[in-house]
Amino acid sequence: MNTLELSIVVPIYNEEENLDYLFQRLFKVLDNLHTTYEIICINDGSKDKSLDFLIQYSKDYPVIKVINLSRNFGKDIALSAGIDLANGNAVIPIDADLQDPPELIGEMVDLWKQGYDVVYASRRIRQGETWFKKFTAEGFYKVINGLSKISIPHNTGDFRLIDRCVVEAIKRMPEKQRFMKGLFAWVGFKQTAIYFDREPRYQGQTKWNYWKLWNFALDGITSFSFLPLKIWGYVGLIISCLSLIYALYLVIRTLIFGIDVPGYASLMVAILFLGGIQLLTLGIIGEYLGRVYEEVKDRPLYLVRDLYGFDKSGTGYNQEK
Ligand code: UDP
Ligand code: MG
């Protein structure tokens, strides 16, 4: 039987200013729960002193374990690495910047004990974010939920409690494009939400910019919907029907009124319109194809450089220093 109850999983990329306060708040909450826990920190190729601090922490506190990835792999993959090595009966991914208040963990654990497999924390308001970010985020959830069959809860990040059975399900998903929110929703199980007000980052800067967010949105959509691919078949069908009608009209008109040279405008419009649609379709096929290529290469999802604080026998890695 597994006696370790909770695994807190924290992806960390250049968060040196947040670590002290993060652990202080985590310890306070977790010690009050009177349960067994581990805190797995994944250093996702930080360029600042995060790793040194983490190593020191793992020496001072045996509950803190550190996975040092070989480079920056991105938050979703860092999270997967943490989830893979987590041993607890429930796993809780949480951001290092304290935008996800650790104080909610108690409530999550209560609901988990009541029999829920996933307890996700949904943001009621987003503080410290521009109206444009809120607007685009809202638009993204609308689009992805409209396009895909599974429903991804609005305004929900990765902060949630997931039971061991869901963790095992997630581990069985081999895809390289890890759109975690989608994966968490895809697995199903008994899910429930709690609501909270998201605070601004404690220190430091967000690692997202609009270009990254756009690509993140594309990852989400292409991972969970084929509609962007399928729609062009229908568009093509409609355009073909309209073209056929127009062609018949032109043939009949020519037969009745003779050859009619002017027509430059309609020609140009048709060529440009169809050319545009063809490029767009190719682009969309390319988006999917690139991702298929990524999957087919079947490279490992991440590489671990070293592990600190893990029990050698428990992890299956021999890289511990
Ligand atoms: N993060 C990471 N790798 C990255 C980018 C971010 O592990 O390449 C971590 C980061 O350290 C933080 C969490 O992911 O703990 C959320 O990052 P951030 O606050 O930048 O995202 P936001 O809250 O703006 O969505
Ligand atoms: Mg943040």
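These numbers come from the heavy atoms of this one structure, side chains and all, not from hydrogens, waters or symmetry mates. Each residue takes its place number in the sequence, starting with 1.
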Open item on the list: Is it the case that the side chains of Tyr308 and Lys59 hold a donor-acceptor pair, with the cut-off being a distance below 3.5 Å and no angle test?
Closed with: no
Task: More than 12 heavy atoms from other groups under 6.0 Å of CD1 on Ile231 - done: no
Open item on the list: Any donor-acceptor pair under 3.5 Å linking the side-chain atoms of Gln24 with those of Asp20?
Closed with: no
- [ ] Report the relative orientation of the aromatic rings in Phe132 and Tyr210; use parallel for angles under 30°, tilted for 30 to 60°, perpendicular for over 60°.
- [x] perpendicular
Task: Side-chain donor/acceptor of Ser225 to backbone N/O of Ile221, under 3.5 Å - done: no
Task: From Ile92 atom CD1 to Ile105 atom CD1, the distance as rounded to the nearest 0.5 Å - done: 4.5 Å
Task: Side-chain (Arg71) to main-chain (Leu303) donor-acceptor, under 3.5 angstrom - done: no
TODO: Rounded to the nearest 0.5 Å, what's the gap from CD on Glu294 to CD on Gln177? Could you check?
DONE: 8.0 Å
- [ ] Determine whether the side chains of Asn43 and Asn68 contain a donor N or O and an acceptor N or O closer than 3.5 Å.
- [x] yes
Open item on the list: For Phe27 together with Tyr61, are the ring centres under 6.0 Å from each other?
Closed with: yes
Task: Heavy-atom pair with the smallest gap, counting every atom of Gly45 and Tyr13 - done: O-CE1, 3.5 Å
Task: Check: Phe159 ring centre within less than 6.0 Å of Tyr120 ring centre - done: no
Open item on the list: Working to the nearest 0.5 angstrom, can you tell me the gap between Tyr302 OH and Ser70 OG?
Closed with: 11.0 Å
Task: Donor + acceptor pair across side chains of Ser50, Glu16 (<3.5 Å) - done: no
Open item on the list: Take a 6.0 Å sphere around OH of Tyr288 and say whether it holds more than 12 heavy atoms from other residues, nucleotides or ligands.
Closed with: yes
Open item on the list: Within the structure provided, determine whether Pro11 and Asp44 are in side-chain contact (heavy-atom separation under 4.5 Å).
Closed with: no
- [ ] Please determine if Lys113 and Glu5 form a salt bridge, counting it only when a charged side-chain N lies under 4.0 Å from a carboxylate O.
- [x] yes
- [ ] Kindly state each residue pair satisfying side-chain hydrogen bond (donor to acceptor under 3.5 Å, both in side chains) with at least one member in residues 27-39, sequence neighbours excluded.
- [x] Ser7-Glu38, Asp31-Tyr37, Glu38-Lys65
Task: Salt bridge Lys181-Asp76, side-chain N to carboxylate O under 4.0 Å - done: no
Open item on the list: Both conditions, 6.0 Å and 45 degrees, for the charged tip of Lys297 above the ring of Tyr293: are they met here?
Closed with: yes
Open item on the list: For the residue pair Asp52 / Tyr57, report whether a side-chain donor-acceptor contact shorter than 3.5 Å exists.
Closed with: no
- [ ] Show your reasoning for whether ring pair (Phe, Tyr, Trp, His ring centres under 6.0 Å) applies to Phe216 and Phe179.
- [x] CA-CA 8 Å; Phe216 180 70; Phe179 182 66; 5.1 Å; yes
Task: Interatomic distance, Glu168 atom CD to Asp163 atom CG [nearest 0.5 angstrom] - done: 10.0 Å
TODO: Quick one: pull up CG in Asp100 and CG in Asp95 and give me the separation to the nearest 0.5 Å.
DONE: 4.5 Å
Open item on the list: Between Glu295 (side chain only) and Gly290 (backbone N and O only), is there a donor and an acceptor less than 3.5 Å apart?
Closed with: no
TODO: Could I get the full list of salt bridge (charged side-chain N to carboxylate O under 4.0 Å, His left out) partners for Asp219, not counting sequence neighbours?
DONE: Arg291
